[in-house]
Amino acid sequence: LLLMLWAVLSAIFYSVYVLKISKKYNVFTIIFYQNLIGSLMFLPVFLIVDFKQFLAIGINLKYFTPIIELSIFASTLAFMFFTYGIKHLGIVRANLLANTIPIFTAIFSYLILGERFTWFNVLGIVIVIVGVTLGELETFKLKSINQNSSQ
């Protein structure tokens, strides 16, 4: 539970900080430095913990393809879109929409990987859609109240 709390607080801090710096820097600059700092922080851990196993496996493109795909799609493009969303939609809406990730994960794992799609998956998708919809309705209500009060 403490790790979950730490993860949530980290996500909040990240979103607030990204919103703050996105007013000064463009999305590409933010993600470049984010990836650079992340790489520099994880490189010593990799060298200490996994470097011997890395050398023992040898260099093979089939092992690097998933790493390259993850670095492009999960670590770069996903954060670029999320940063763009925070900058243009705001923290609340961007994070609400980020909660649709499990829906796409379930659908793509079914379509691409051939995983089973159970009633439990459908129930989870429905819960996520209802939650995001309720959150968007609340955001819409607050936005319309603010517009009416400013007129």
Side-chain angles (χ1 to χ4, degrees), residues 1-140:
L1 289 174
L2 288 175
L3 289 175
M4 183 63 81
L5 176 65
W6 179 252
V8 169
L9 293 175
S10 298
I12 292 168
F13 173 77
Y14 175 80
S15 296
V16 170
Y17 191 71
V18 163
L19 179 64
K20 181 179 176 181
I21 65 173
S22 69
K23 294 175 182 173
K24 186 175 181 180
Y25 301 103
N26 70 37
V27 172
F28 298 106
T29 303
I30 294 168
I31 300 306
F32 170 79
Y33 283 106
Q34 176 180 302
N35 286 350
L36 179 67
I37 292 167
S39 297
L40 293 175
M41 290 179 74
F42 281 106
L43 184 62
V45 176
F46 166 74
L47 293 174
I48 293 168
V49 176
D50 288 328
F51 191 64
K52 288 181 183 177
Q53 290 86 355
F54 174 75
L55 291 177
I57 291 172
I59 297 175
N60 187 335
L61 186 60
K62 86 175 188 181
Y63 300 125
F64 284 102
T65 302
I67 294 171
I68 293 167
E69 289 171 347
L70 283 169
S71 67
I72 292 170
F73 295 110
S75 295
T76 302
L77 290 178
F79 279 102
M80 284 174 62
F81 292 137
F82 186 62
T83 302
Y84 183 85
I86 288 174
K87 183 176 183 176
H88 294 284
L89 298 174
I91 293 173
V92 174
R93 290 187 82 193
N95 279 296
L96 269 172
L97 294 173
N99 287 319
T100 62
I101 291 171
I103 295 172
F104 292 103
T105 302
I107 292 170
F108 287 131
S109 66
Y110 172 77
L111 295 174
I112 296 170
L113 302 175
E115 292 196 18
R116 288 184 328 135
F117 212 72
T118 65
W119 66 271
F120 195 70
N121 297 102
V122 174
L123 179 64
I125 288 172
V126 169
I127 290 171
V128 170
I129 290 172
V130 168
V132 169
T133 303
L134 290 174
E136 282 293 314
L137 286 174
E138 192 64 33
T139 302
F140 179 74

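Nothing fancy with the numbering, it's 1 onward along the sequence.
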Sequence neighbours left out, what passes ring-ring contact (aromatic ring centres under 6.0 Å, His included) with Tyr63? Give chain and number order.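 Tyr63: no ring-ring contact (aromatic ring centres under 6.0 Å, His included) contacts found.
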
Just wondering, are more than 12 heavy atoms of other shown residues or ligands nearer than 6.0 Å to [atom1] in [X]?
| X | atom1 | answer |
| --- | --- | --- |
| Phe81 | CZ | no |
| Leu3 | CG | no |
| Phe51 | CZ | no |
| Tyr17 | OH | no |
| Phe46 | CZ | yes |

Stepwise, does the side chain to side chain contact (heavy atoms under 4.5 Å, CB included) test hold for Ile125 with Phe117? CA-CA 11 Å; Ile125 288 172; Phe117 212 72; 3.5 Å; yes

How long is the gap from [atom1] on [X] to [atom2] on [Y], to the nearest 0.5 Å?
| X | Y | atom1 | atom2 | value |
| --- | --- | --- | --- | --- |
| Lys87 | Asn26 | NZ | CG | 7.0 Å |
| Ile112 | Ile107 | CD1 | CD1 | 11.0 Å |
| Ile31 | Thr83 | CD1 | OG1 | 3.5 Å |
| Leu89 | Leu19 | CG | CG | 11.0 Å |
| Phe42 | Asp50 | CZ | CG | 12.0 Å |
| Ser75 | Glu69 | OG | CD | 12.5 Å |

Nearest non-hydrogen partners of [X] and [Y], listed with the distance:
| X | Y | value |
| --- | --- | --- |
| Ser15 | Asn95 | OG-ND2, 3.2 Å |
| Ala94 | Gly85 | CB-C, 3.8 Å |
| Asn121 | Arg116 | OD1-O, 3.8 Å |

Trp6 and Ser10, any side-chain heavy atoms less than 4.5 Å apart: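 Ser10 vs Trp6: side chains touch.
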
Would Thr76 and Phe32 satisfy side chain to side chain contact (heavy atoms under 4.5 Å, CB included), going step by step from the backbone distance to the final call? CA-CA 8 Å; Thr76 302; Phe32 170 79; over 6 Å; no

In chain order, what residues pass the side-chain hydrogen bond (donor to acceptor under 3.5 Å, both in side chains) check against Tyr25, with sequence neighbours excluded?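 side-chain hydrogen bond (donor to acceptor under 3.5 Å, both in side chains) list for Tyr25, sorted by chain: empty.
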
Restricting to side-chain hydrogen bond (donor to acceptor under 3.5 Å, both in side chains), what partner residues turn up for Ser22, sequence neighbours left out?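 Per chain and number, Ser22 pairs via side-chain hydrogen bond (donor to acceptor under 3.5 Å, both in side chains) with no residue.
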
Could you check whether the rings of Phe79 and Phe82 sit parallel, tilted or perpendicular, using 30° and 60° as the cut-offs?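 If you compare the ring of Phe79 with that of Phe82, the planes turn out perpendicular.
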
